[in-house]
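Encoded as structure tokens, the structure appears first; notes follow it.
Labels below follow one simple rule: chain letters A, B, ... track the order of the sequence lines, proteins then strands, and each chain is numbered from 1.
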Amino acid sequence: MDMKSVEAKWQKRWLESGENEFNEKNIDKKYYVLEMFSYPSGAKLHVGHWYNFGPSDSFARFKKMQGYEVFEPMGFDAFGLPAENYAIKTGIHPQDSTLKNIETMEMQLKKMGAMFDWNHEVVTCLPDYYKWTQWLFLQLYKKGLAYRKEAPVNWCSSCNTVLANEQVQDGLCERCSTPVVRKNLTQWFFKITDYAEELLFGLDKLDWPEKTKLMQKNWIGKSTGSEIVFKTEKGSSFKVFTTRADTLFGVSYTVLAPEHPLVKKLTTKEHKKEVEDYLVETSKCNEIDRLSTQREKTGVFTGSYAINPVNGEKIPIWIADYVLFSYGTGAVMGVPAHDDRDFAFAKKYNLPVKRVIEGGELPFTEYGTLVDSGKFSGMKSEEAKKAITQELQSEGKGSLKTNYRLRDWLVSRQRYWGAPIPIIYCPHCGTVPVPESDLPVQLPYDVDFTPDGKSPLLKHEKFMNTVCPICKAPAKREPDTLDTFVCSSWYYLRYADNKNKNAPFDKDKADKYLPVDKYIGGAEHACMHLLYARFVTKALKDMGYIDFDEPFLSLVHQGTILGPDGFKMSKSRGNVVSPDEYIEKYGADAFRIYLMFGFSYIEGGPWNEKGIEAIAKFLERVERISDIANSLKNTPSQKQKGEREKQLDFVRNNTIKCVTNDMESFSFNTAVARIMELVNALYKYYGEGVDDVALFKDTVRDLVLLLAPLTPHFAEELNERAGSGKSVFRYSYPICNEKALVLDEIELAVQINNRIKCKLVVPTSCDNKEIEKRVLALPQLKEELKDGYKKIIVIPKRLVNIVK
RNA sequence: GCGGAUGUGGCGGAAUGGCAGACGCGCCAGACUUAGAAUCUGGUAUCUUCGAUGUGUGGGUUCAAGUCCCGCCAUCCGCACCA
């Protein structure tokens with residue numbers, strides 16, 4: 001088959017007939033299949049795109065043939081740094097390169113033969129989309145979920161921008177590998193921590209990989225403990241968070257993070273120089289160095305003392321950079337006897353080590369029985385934690401407290417290529433949100449975005465200078481743009497109603513299209529995109545814009561296709577495999593089914609080109625058997641099926657059953673394997689003589705239908721050759737006839753002490769008792785069983801084990 | 001350092017606790033052919049045969065372990081002192 005022309009032919013027909021368009025009339029039967037949209041960085045699709053979209057589309061087509069009205073939209077996550085960096089390097093404007101890349105990618109995506117409904121396309125860098133990203137920002141602002149604060153941030157001096165913690169890799173900028181330093185800036189944040197608990201508990205009901213749920217759970221990092229107030233000798237006080245209130249009598253010092261506001265106040269004259277030097281040292285350190293486990297712990301004494309609230313002991317207050325201001329209260333109590341870190345610190349600075357829990361060698365970090373702890377001595381740790389906290393609470397010195405590791409989402413970017421933050425700063429009215437009627441705040445085209453440490457928009461006077469929406473006085477705009485994760489945190493909603501000019505989406509539509517039934521994308525998004533999207537959905541629900549609180553009911557991560565050398569594909573390594581030449585040679589269908597057959601979808605693996613030739617031959621083999629079937633004259637089916645026919649019918653229905661299950665669970669490689677078996681069975685039957693033409697033809701028919709989701713163009717062509725006047729996707733997916741799977745006889749393995757001795761064929765109607773009887777009567781076992789046996793185990797349809 | 005995942009023929013990879021290696025590649029053989037290619041068919045874990053050994057490694061549970069439990073090794077990924 002000339003796949004090139006066949007593919008072009010069917011793509012044209014699908015387009016003309018609107019085959020892939022979502023029909024809202026059937027929305028009650030909707031099934032929303034969503035692949036994570038792509039970033040238009042390079043112009044061409046790479047193997048990863050094909051691996052994500054191809055099999056996912058096959059799943060979507062499978063669902064369609066099962067009678068669902070499938071919604072499979074596609075779009076582009078088009079804002080972001082790479083386009084800006086590319087522009088800085090080449091002088092080509094990000095908008096120009098991005099739109100051009102999108103055009104090329106759209107064309108290539110269409111050649112993939114996926115059933116994307118392009119009527120619902122979204123492109124996040126276009127004003128009709130980012131208008132609503134800005135709207136989202138304003139809603140969160142109104143709800144108190146967007147706020148500004150000064151915070152130490154990761155600064156990449158090469159990109160001249162702030163990086164979120166999760167974008168820093170090994171102390172280097174994730175994208176350009178420049179060492180990251182710390183810098184204070186006033187930034188916009190989304191208060192995702194308000195939803196920490198909901199985000200955590202919502203995980204339970206999601207059909208997501210357990211591993212991903214675990215990662216999100218750890219990312220949210222809930223820990224329950226106590227917050228304890230330490231008064232200082234001078235009268236001020238600070239709180240520490242601890243999960244080990246039971247060790248409170250063992251506190252021999254406390255530590256504040258260097259950024260803690262009390263540091264200045266608590267530092268005495270004698271220690272001022274030392275402390276100041278230490279603060280300078282710390283600020284030079286980037287966060288990664290500071291958090292390195294390799295580095296020895298350091299700290300300085302402030303000269304001040306705190307009072308242990310439980311026994312009035314005077315304990316020194318230290319400053320150390322191993323305490324993070326961003327977690328807990330930014331202060332910890334040091335219990336050297338029962339914490340590894342505190343032990344090391346105390347040894348280094350000669351601080352007392354006081355045991356308060358019975359047990360092994362110090363530091364002893366397990367739970368146990370309290371000693372030297374006043375009236376709490378003798379209690380178990382679990383009990384004491386509560387009792388001590390309760391006592392402190394009654395004196396206003398502490399309380400139970402739940403802490404989360406999750407931090408608020410920093411959304412400001414000092415970059416050009418993003419959605420402008422819709423905020424105006426007025427000298428009289430302060431921070432004023434842009435009125436919704438004034439959206440979008442257009443991103444100007446003529447901007448100098450050469451990095452110089454400032455937001456590019458700051459240098460664009462026409463953009464910056466505006467009037468206050470309230471008092472009409474001259475005012476300035478916010479020069480920062482939004483993190484692209486904001487754009488991608490709600491795109492699945494916009495797909496449902498992408499042309500809406502009055503709202504981001506119609507509530508009714510969103511509630512009907514969503515939630516997404518199957519979301520497919522890389523595991524690298526486990527903690528960022530997937531968490532942000534869940535947060536936005538929950539926030540929008542609470543504001544009444546939608547009725548559901550989870551965006552993605554079921555999630556699948558595809559694996560990664562590595563280079564032939566087993567390493568991640570990268571230009572620098574020179575192991576990038578381009579799909580283009582394969583598609584040119586074998587066609588999109590062969591390439592798609594090869595990707596499905598050659599790898600375990602969830603695992604991925606190194607690229608291996610040997611298999612693709614084989615799969616192309618397999619398709620030719622299917623074509624030949626299909627042509628044979630078409631050439632046979634119709635004759636009525638046999639009334640009484642012969643053994644060979646029963647066998648063929650068995651394989652046919654077994655294939656249907658297995659492939660259906662495999663498709664459902666994204667086990668595409670085994671689905672293809674089962675289809676190959678069916679083809680083998682058809683050839684065998686043909687080779688021995690087609691006695692039942694109708695059965696043969698029906699089986700070939702099922703073969704074509706089973707292949708349709710995997711190789712859409714190819715199956716359409718075979719379907720047409722078989723005389724059908726309509727699209728193969730208008731037929732329903734084959735349904736297994738369970739009766740055909742009931743065999744008259746079945747072969748069991750017979751074991752003695754787990755060693756296979758022989759095989760036994762029994763009628764399927766035999767019950768276990770009957771099977772036992774027959775096995776024990778086997779002449780070949782007579783000698784072995786002459787001394788009797790202990791027990792006999794019958795596993796229906798599998799084996800019999802006799803234990804001697 | 002902590003956490004997670006993975007480890008099966010020459011290769012890609014299959015196996016609800018129940019006959020390990022489905023399916024495919026490769027290889028070998030046969031048929032067809034003057035010949036080759038293509039195609040179709042059969043074979044293909046290892047060991048010296050009988051029957052023994054085999055899923056990184058050492059234990060354990062079980063009538064039965066690739067699968068479950070405990071330890072170790074290797075590789076990959078995630079997170080970075082989380083109080």
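Proximity note for A/Arg624 (side chain, C-beta onward) versus B/C82, B/U39, B/G4: the nearest is B/U39. Of all nucleotides listed (B/G4, B/C81, B/C63), B/C63 comes nearest to the side chain of A/Val803. Counting only heavy atoms from C-beta on, A/Leu324 has its side chain closest to B/C81 among B/C81, B/G13, B/C63. Out of B/G3, B/U53, B/A83, the shortest distance to the side chain of A/Arg755 is found at B/U53. Out of B/G18, B/A83, B/C19, the shortest distance to the side chain of A/Ile795 is found at B/G18. Residue A/Ser223 has its side chain nearest to B/A83 when only B/A83, B/C82, B/C81 are considered.
In this structure, the ring of A/Trp607 has its center less than 6.0 angstrom from the ring center of A/Tyr582. Ring centroids of A/Tyr685 and A/Tyr683 are separated by 6.0 Å or more, keeping the two rings apart.
Consecutive pairing runs in RNA chain B reach the stem threshold at B:1-7 with B:73-79, B:10-12 with B:23-25, B:26-31 with B:39-44, B:45-47 with B:51-53, B:56-60 with B:68-72, where a stem means at least three Watson-Crick or G-U wobble pairs with distances under 3.5 Å.
In this structure, the CG atom of A/Asp339 is 9 Å from the C1' atom of B/C81, given to the nearest Å.
In terms of phosphate contacts, A/Ser600 brings a side-chain nitrogen or oxygen within less than 4.0 Å of OP1 or OP2 of B/A14. Residue A/Tyr327 places at least one side-chain N or O closer than 4.0 Å to OP1 or OP2 of B/A83. Contact between the side-chain N/O atoms of A/Arg405 and the OP1/OP2 oxygens of B/C2 is not found at any separation under 4.0 Å. OP1 and OP2 of B/A64 both lie 4.0 Å or more from every side-chain N or O belonging to A/Arg798.
Taking the ring axis of A/Tyr322 as reference, the NZ or CZ atom of A/Arg341 does not stay both within 45° of it and closer than 6.0 Å to the ring centre.
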For nucleotides 20-29 of chain B, give me one character per nucleotide, 5' to 3': B if any protein heavy atom sits under 4.0 Å from the base, S if the only such contacts are to the sugar-phosphate, - if neither. --BBSS----

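Side chains of A/Asn669 and A/Ser600: a donor-acceptor N/O pair is absent below 3.5 angstrom, by distance only.
Two residues are said to be in side-chain contact when any heavy atoms from C-beta on lie closer than 4.5 Å; A/Leu351 and A/Trp318 meet this criterion. Inter-residue side-chain proximity for A/Ile228 and A/Lys397 is flagged as unmet; no heavy-atom pair is nearer than 4.5 Å.
Mapping A/Ile793 and A/Leu748 onto RNA chain B via the closest heavy atom, the residue that lands nearer the 5' end is A/Leu748.
Counting distance only, with no hydrogens placed and no angle test, the side-chain atoms of A/Lys759 and the base atoms of B/C19 include a donor-acceptor pair under 3.5 Å.
To the nearest 0.5 Å, atom CD of residue A/Gln751 and atom CZ of residue A/Arg798 are 12.5 Å apart.
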